[in-house]
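All remarks here apply to the structure that follows.
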Amino acid sequence: MCARGSKEDMADLQGRIALVTGAAQGIGRAVALELARAGATLAVADINEVKLAQVAAEIEAAGGQAAPFRLDVSSQESIEAGAKAVLERFGKVEILVNNAGITRDALMMAMKRADWDLVLSINLTGPFLLTQALLRPMIKNRWGRIVNMASVVGRAGQAGQVNYAASKAGLIGLTRSLAREVASRGITVNAVAPGYIETPMTAVLDEKVSAAMLTQIPLGRRGTDLDVAQAVKFLASDAAAYITGHVLDVNGGMFMGG
Ligand code: NAI
């Protein structure tokens with residue numbers, strides 16, 4: 001029996017406190033809205049304060065609870081200050097979704113060191129530092145859900161994305177290692193690996209690339225931000241209590257890895 005077995009809806013997150021990074025748009029926004037719909041109180045974090053405020057307002061307008069926090073995951077100072085501000089406001093973070101991520105694509109021979117560093121910093125070092133900043137209270141609380149936003153590219157590789165693929169593969173390694181470290185404390189750590197999802201990040205892809213990618217998707221369509229958000233909600237819920245160190249593909253069958 002699960003700790004909250006009396007709940008009829010196993011995806012019920014009533015009363016839980018969740019923090020989502022990169023929540024101003026795209027997948028992060030959808031995750032924040034979906035967790036709020038399931039009853040969680042949301043700390044939404046991003047560098048885009050204008051859009052972030054809109055997301056918080058959208059959650060509140062739908063009857064949920066949310067507060068925006070400016071948090072730049074490329075900066076240790078900003079991560080520590082942001083984590084402190086969230087803990088001061090809500091007392092704890094029970095569900096952490098490390099979603100903020102960027103691409104800076106170029107072929108290996110042309111890739112600039114600065115673009116390697118920036119992608120690794122935001123996509124991998126950021127989740128490391130933010131998780132570290134929030135883990136102690138989560139351990140004390142003896143309940144936690146950490147969901148890291150990886151990518152199909154971290155599993156299958158992608159020409160022109162050595163930096164991005166390395167960051168996402170690294171995040172998967174972090175996920176599995178941390179899952180082993182904190183399992184005995186009631187904390188699960190999982191990753192979601194989206195495929196080709198319609199968001200502002202992929203809106204910049206040219207028509208040809210987009211059409212070529214579509215031919216690789218057995219389900220025959222791009223994913224939506226809601227497809228990904230529902231997977232995150234599941235991993236954050238009591239229904240997923242016995243799942244840890246897992247990478248959940250949300251890719252329409254684009255890559256079927258082991
Ligand atoms: P997006 O570009 O639409 O949104 C990313 C959000 O992260 C933006 O709100 C942006 O302001 C924020 N952000 C960027 N740098 C930040 C920083 N330093 N600190 C805090 N926030 C920052 O991207 P999308 O598509 O919603 O992607 C979200 C996550 O999903 C990323 O980690 C991405 O790598 C991953 N993903 C996306 C896929 C897709 O097809 N869209 C596929 C696989 C993974």
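In this chain, residues are counted from 1 in sequence order. All ligand and atom numbering here is 1-based and tracks the order in the structure.
The salt bridge (Lys or Arg N to Asp or Glu O under 4.0 Å) check on Arg180 picks up nothing, with sequence neighbours excluded.
Geometrically, Arg16 engages Trp143 in a cation-pi contact, judged by NZ or CZ lying under 6.0 Å from the ring centre and within 45° of the ring axis.
Residues Val250 and Asp227 come closest through the heavy atom pair CG1-O, 3.8 Å.
Asn99 pairs in a side chain to side chain contact (heavy atoms under 4.5 Å, CB included) with only one of the listed residues (Val73, Val232, Ile27), which is Ile27.
For ligand 1, the protein residues within 4.0 angstrom (heavy atoms only) are Gly22, Ala24, Gln25, Gly26, Ile27, Asp46, Ile47, Leu71, Asp72, Val73, Ser74, Asn99, Ala100, Gly101, Ile102, Ile122, Met149, Ala150, Ser151, Tyr164, Lys168, Pro194, Gly195, Tyr196, Ile197, Thr199, Pro200, Met201, Thr202.
Identified under the side chain to side chain donor-acceptor pair (under 3.5 Å) test for residues 128-139, with sequence neighbours left out: Asn98-Thr131.
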Anything under 3.5 Å between a donor and an acceptor, one on a side chain of residues 188-197, the other on a protein residue two or more places apart or in another chain? List them.
residue: Asn190; atom: OD1; partner: Gly245; partner atom: N; Å: 3.2
residue: Asn190; atom: OD1; partner: His246; partner atom: N; Å: 2.8
residue: Asn190; atom: ND2; partner: Ile243; partner atom: O; Å: 3.0
residue: Tyr196; atom: OH; partner: Ser210; partner atom: OG; Å: 2.8
residue: Tyr196; atom: OH; partner: Arg222; partner atom: NE; Å: 3.3

